[in-house]
Amino acid sequence: MLKSLIMKVQNQNENDNSQKIRLSGLDKKGLEDLMDAMDEKKFRASQVFSWLYTKSAKSFDEMSDIKKELREKLKEIAIITDVKIKTKQISTDGTLKYLLEYNDGNTAECVLMRFDNRANLTACVSSQIGCAMGCKFCATGQRGIIRNLEPYEILEQILTIQRDTGLKVTNVVFMGQGEPFNNYNNMMRAIELINTCLTIGIRRITVSTCGIVPKIYDIANENLVPTLAISLHAPNTELRAQIMPVEKRYNINDLKTALKFYTEKTGKRVTIEYILIGKLNDTKDCAVELAHFMKDLKCNVNLIPYNPVNTKDSFKKPDKKDIMKFKYILEASGKKVTVRLERGADIDAACGQLKGRIEEQI
Ligand code: SAH
Ligand code: SF4
């Protein structure tokens with residue numbers, strides 16, 4: 001199969017990349033099969049693997065320890081990637097935001113967050129083009145779903161950042177566009193590739209979901225279990241249903257049962273994400289109710305001040321003093337609480353915003 005594909009590509013115009021074999025996304029075994037079909041020795045696969053994933057090579061010419069003849073042969077039949085950087089924004093706080101263009105012209109964003117006081121470099125990746133879940137406060141949710149991303153298209157977001165910056169990403173969060181659990185199989189394969197090809201430990205990979213309950217059970221039963229973050233955003237079913245349509249399908253009580261299963265099965269703590277929307281869910285009563293909800297759950301809390309986006313509903317940012325009060329009440333209940341720093345505020349680095357702006361310009 002692979003051999004006939006190679007022959008087919010060889011007979012094409014060398015400048016036509018459309019039919020060439022894409023190396024990005026091939027694991028060790030995939031590269032070994034390719035070398036085998038090219039009648040090359042097996043160890044060449046390890047060399048190519050290292051150039052692709054450890055050294056984040058942009059071109060075959062960089063692969064200096066691979067003999068010229070093989071590099072030329074590779075150029076003839078293969079490409080490293082077909083994903084392009086469409087735009088790149090740099091924030092004054094060092095956050096980088098990329099809009100990537102895939103080979104069908106669709107775009108998705110990824111963000112690199114640097115924290116000055118830590119060696120961590122966290123990539124925030126998208127799992128879908130758009131999202132079907134329709135959360136009222138979310139720019140992506142307002143536009144609906146276009147398609148799922150392939151495993152290599154998710155991996156490419158991290159590789160693109162590494163190629164462009166020359167830096168090594170240390171942590172990955174699935175908190176860009178899309179609902180990862182609606183693209184479960186591709187997400188799991190991407191996690192496997194991130195773990196094995198980019199050698200990012202599974203404890204450094206976090207998946208954020210709006211609460212697709214059956215998939216929480218599924219992921220708890222996987223061999224490779226990432227950290228789970230849950231977009232809760234409200235302490236009771238009435239308020240949650242107002243801002244998150246998913247509540248009508250999988251309610252907060254079933255969600256909690258699933259989260260308890262996850263923590264007990266895996267021994268891991270979950271992160272409860274809670275967007276604070278001014279005067280809507282940031283009140284003292286909400287904080288008390290949330291503390292009660294989390295009482296018997298092994299979790300930390302991440303409070304996210306609402307980032308204004310263009311939606312039909314007129315949500316407001318929370319007041320600073322309400323954020324602090326909310327945080328205090330949760331801390332008093334014994335939970336570890338962080339308030340998400342506003343990263344890249346000057347470049348619209350929140351969920352779905354860069355893409356929205358570009359589409360508005362068009
Ligand atoms: N679909 C998944 C992951 C992507 S959204 C999920 O919902 O968890 C990533 C995070 O960004 C979620 O916690 C989401 O609620 C948050 N988010 C979306 N719109 C936001 C906004 N306008 N301000 C602040 N956070 C937002
Ligand atoms: Fe989708 Fe997450 Fe946005 Fe909700 S918050 S619409 S689940 S991307």
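As the structure lists them, so they are numbered: ligands from 1, and atoms in each ligand from 1. Any value given below was found using the heavy atoms of this structure, including those in side chains, with hydrogens, waters and symmetry copies removed.
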request  = May I ask you to list the residues sharing a hydrophobic cluster with Val288, side-chain cutoff 4.5 Å, ordered by chain and number?
outcome  =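 Besides Val288, the cluster holds Ile329.
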Salt bridge between [X] and [Y], side-chain N to carboxylate O under 4.0 Å?
X: Glu32; Y: Lys29; answer: no
X: Lys88; Y: Asp164; answer: yes
X: Lys284; Y: Asp322; answer: no

request  = Give the numbers and elements of all ligand 1 atoms closer than 4.0 Å to a heavy atom of Gly178.
outcome  =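 Under 4.0 Å from Gly178, ligand 1 has these atoms: 1 (N), 2 (C), 3 (C), 4 (C).
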message = Contact between ligand 1 and Met133 is defined here as a heavy atom of the residue under 4.0 Å from a ligand atom; is it met?
response =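 No.
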key: Proximity flag Gly176 to ligand 1, non-hydrogen atoms under 4.0 Å   =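 Yes, that is the case, since the closest heavy atom of the residue is under 4.0 Å from the ligand.
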request  = Indicate if the distance from atom 4 (Fe) of ligand 2 to the nearest N, O or S atom of Cys138 falls below 2.8 Å.
outcome  =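 It does not: Cys138 brings no N, O or S atom closer than 2.8 Å to atom 4 (Fe) of ligand 2.
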Does ligand 1 have a heavy atom under 4.0 Å from the side chain of [X], from its backbone, from both, or from neither?
X: Glu273; value: side chain
X: Ile275; value: side chain
X: Ile230; value: neither

key: Gln177 versus Ser127, side-chain donor and acceptor atoms under 3.5 Å   =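 Distance-only check fails for Ser127 and Gln177.
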inquiry  = With nothing but distance in play, are any N or O atoms of Asn307 less than 3.5 Å from an N or O of ligand 1?
reply    =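 Min N/O separation from ligand 1 is below 3.5 Å for Asn307.
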inquiry  = For atom 19 (N) of ligand 1, tell me which residue out of Cys138, Pro308, Pro305 has the closest non-hydrogen atom.
reply    =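 The nearest heavy atom belongs to Cys138.
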ask   = Should Gly178 be listed as contacting ligand 2, given a heavy-atom distance under 4.0 Å as the test?
value =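 Contact present.
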message = Angle between ring planes, Phe137 versus His233, binned at 30° and 60°: parallel, tilted or perpendicular?
response =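 The rings of Phe137 and His233 stand perpendicular, inter-plane angle above 60°.
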